[in-house]
There are 2 protein chains.
Amino acid sequence: MKLSEAKTSADSSAASVSDRKAERRLAMIATAARLFARDGYADCEMESVASELGVAKGTLYLYFRSKEELFCACVDQGMRELQETVQQAAQGSIAPFDRISAAIRAYLLFFEQHPEQAELLIQERAFFHDRPKPTYFTYREASRERWRVVWAELLSGGSIRDGLTVDQILDFIGNLVYGTMFTNHFLGRSAGEQHALIMDIFYRGIWSDAQRHTGE
Amino acid sequence: MKLSEAKTSADSSAASVSDRKAERRLAMIATAARLFARDGYADCEMESVASELGVAKGTLYLYFRSKEELFCACVDQGMRELQETVQQAAQGSIAPFDRISAAIRAYLLFFEQHPEQAELLIQERAFFHDRPKPTYFTYREASRERWRVVWAELLSGGSIRDGLTVDQILDFIGNLVYGTMFTNHFLGRSAGEQHALIMDIFYRGIWSDAQRHTGE
DNA sequence: ATAAAATGACTGACTGGTCAGTCAGTCACC
DNA sequence: GGTGACTGACTGACCAGTCAGTCATTTTAT
């Protein structure tokens with residue numbers, strides 16, 4: 001849908017001016033995210049984004065100060081959607097292990113359905129690597145607090161073996177899904193079957209019972 | 001060391017012309033890798049690389065066709081060194097589990113000691129993402145064959161529990177160390193203590209014995 | 001009801017700075 | 001005086017960001 005049409009249709013509704021602006025902003029972000037991911041930050045011209053939207057380049061600068069700001073808005077929007085998706089998936093279950101499993105599944109599926117978001121995370125680091133911390137990790141740490149209580153419950157309930165701390169577990173699973181997500185993205189793999197395997201090894205390890213007794 | 005000095009010292013030895021060329025090529029790659037990682041591919045000017053080496057820009061073009069080729073040489077050289085480092089670490093042990101543990105430790109330490117290599121992997125994807133597959137994954141798949149036999153041995157020896165295939169295990173551990181490496185890199189974490197934890201959860205899982213019996 | 005004026009969203013040709021890559025020229029050494 | 005490694009000023013392409021101008025819509029005046 002062209003922005004110009006969006007404007008016309010919005011006119012007929014009772015949407016306020018600021019609503020319409022926010023709506024257009026989102027449309028710009030969605031298109032820009034796709035093109036940034038497809039062409040890369042450097043090769044994606046503002047002119048292209050504008051023409052894809054059916055507006056002139058100057059219009060983009062009425063909504064975003066600079067190319068960089070537009071890009072950051074794309075990353076931020078993507079991470080917010082990821083967070084929401086994962087949180088909603090987790091809320092579908094009560095049992096802690098089910099919540100965890102659902103969240104990880106939702107995480108992997110999100111990037112499978114929005115591969116451009118994986119690409120944007122790479123682009124961000126590549127072009128703005130003077131920043132203290134990638135946006136992804138800011139969001140990861142924010143959600144950490146929420147998950148800490150879930151794991152603490154499992155730990156105190158005796159479901160987790162001795163010698164492991166909540167932070168160690170959070171680091172492990174965080175790194176695992178992060179690596180899995182990127183590998184899936186680069187090699188075009190699907191997250192579906194993988195998910196069960198990941199949880200299986202994460203919960204039970206790879207050792208046989210015989211090896212467990214020799215190993216410790 | 002300036003290239004010009006390298007040349008003089010090489011002259012006094014019995015090094016052939018092609019040896020000297022290869023040596024200078026490596027010096028260029030080392031410097032370029034550092035600057036590409038520090039400034040990013042786009043912001044790293046050929047002029048800077050040249051002046052850091054104490055040569056003129058034109059000289060770089062006597063050794064590399066283009067900026068892109070120089071960059072690729074950096075990535076390739078880095079991956080070759082990674083492979084060699086990991087392989088050598090693995091050769092220090094005989095027992096399969098020890099070899100695996102040593103290899104993973106060496107892998108994480110390599111990127112800790114050569115953070116520019118992690119950065120180059122990101123830059124590669126960001127700037128040349130039309131390529132079919134990142135160099136990293138080409139090397140990862142090449143080394144996969146070597147590790148497959150190690151795991152097959154463990155599997156047939158009864159050390160691994162039923163229901164897991166070699167490929168599943170290779171994927172899991174590959175994704176885990178990949179994610180851990182990048183997280184360490186971005187958050188400035190050290191691989192030392194982590195290594196033991198990773199292997200522990202990978203081998204034994206997080207479940208307590210009580211949970212293992214309920215869960216299956 | 002009609003015209004005139006004000007508004008502000010949108011446009012797109014243009015500018016200024018950037019930098020990869022070139023090549024005619026230099027120079028050290030044989 | 002021949003060779004070839006090295007130089008660095010120069011060029012041409014590129015593109016983010018600008019801003020004077022256009023036009024549709026709303027407001028005010030008559």
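Proteins get letters first, then strands, A, B, ... in listed order; numbering begins at 1 in each.
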Whole angstrom value for the distance that separates [atom2] of [N] from [atom1] of [X]:
{"X": "Leu60(B)", "N": "dA5(D)", "atom1": "CG", "atom2": "C1'", "answer": "14 Å"}
{"X": "Tyr63(A)", "N": "dA16(D)", "atom1": "OH", "atom2": "C1'", "answer": "20 Å"}
{"X": "Tyr41(A)", "N": "dC15(D)", "atom1": "OH", "atom2": "P", "answer": "13 Å"}
{"X": "Glu47(B)", "N": "dG8(D)", "atom1": "CD", "atom2": "C1'", "answer": "8 Å"}
{"X": "Leu62(A)", "N": "dT11(C)", "atom1": "CG", "atom2": "C1'", "answer": "10 Å"}
{"X": "Glu45(A)", "N": "dG12(C)", "atom1": "CD", "atom2": "P", "answer": "16 Å"}

Q | Arg148(A)/Glu145(A) ion pair, N-O < 4.0 Å | A |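 Yes, charged N to carboxylate O under 4.0 Å.
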
Q. With distance as the sole test, does His195(A) use its side chain to make a donor-acceptor pair with the main-chain N or O of Ser101(A) at under 3.5 Å?
A.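 A pair under 3.5 Å: yes.
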
(Q) Tell me every residue that passes ring-ring contact (aromatic ring centres under 6.0 Å, His included) with Phe71(B), counting only those two or more places apart in sequence or in another chain. (A)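 Partners of Phe71(B) under the ring-ring contact (aromatic ring centres under 6.0 Å, His included) test: Phe36(B), Tyr41(B), Phe128(B).
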
Q: Under the ring-ring contact (aromatic ring centres under 6.0 Å, His included) rule, collect the residues that match up with Phe110(A), sequence neighbours excluded.
A: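 Phe110(A) satisfies ring-ring contact (aromatic ring centres under 6.0 Å, His included) with His114(A) only.
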
Q. Base, backbone or nothing for each nucleotide of nucleotides 17-22 of chain D, written B, S, -, heavy atoms under 4.0 angstrom, 5' to 3'?
A. BB----

Q: Kindly give the heavy-atom pair with the smallest separation between Arg131(A) and Arg125(A), and that separation in Å.
A: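 Distance-wise, the nearest heavy atoms are O-NH1, 4.4 Å.
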
Q: Kindly determine whether Arg144(B) and Asp171(B) satisfy salt bridge (Lys or Arg N to Asp or Glu O under 4.0 Å), including the steps that lead there.
A: CA-CA 9 Å; Arg144(B) 193 182 183 94; Asp171(B) 282 344; 3.0 Å; yes

(Q) Any base atoms under 4.0 Å from Phe64(B), or only sugar-phosphate, or nothing? Heavy atoms, all strands. (A)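 Touches nothing.
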
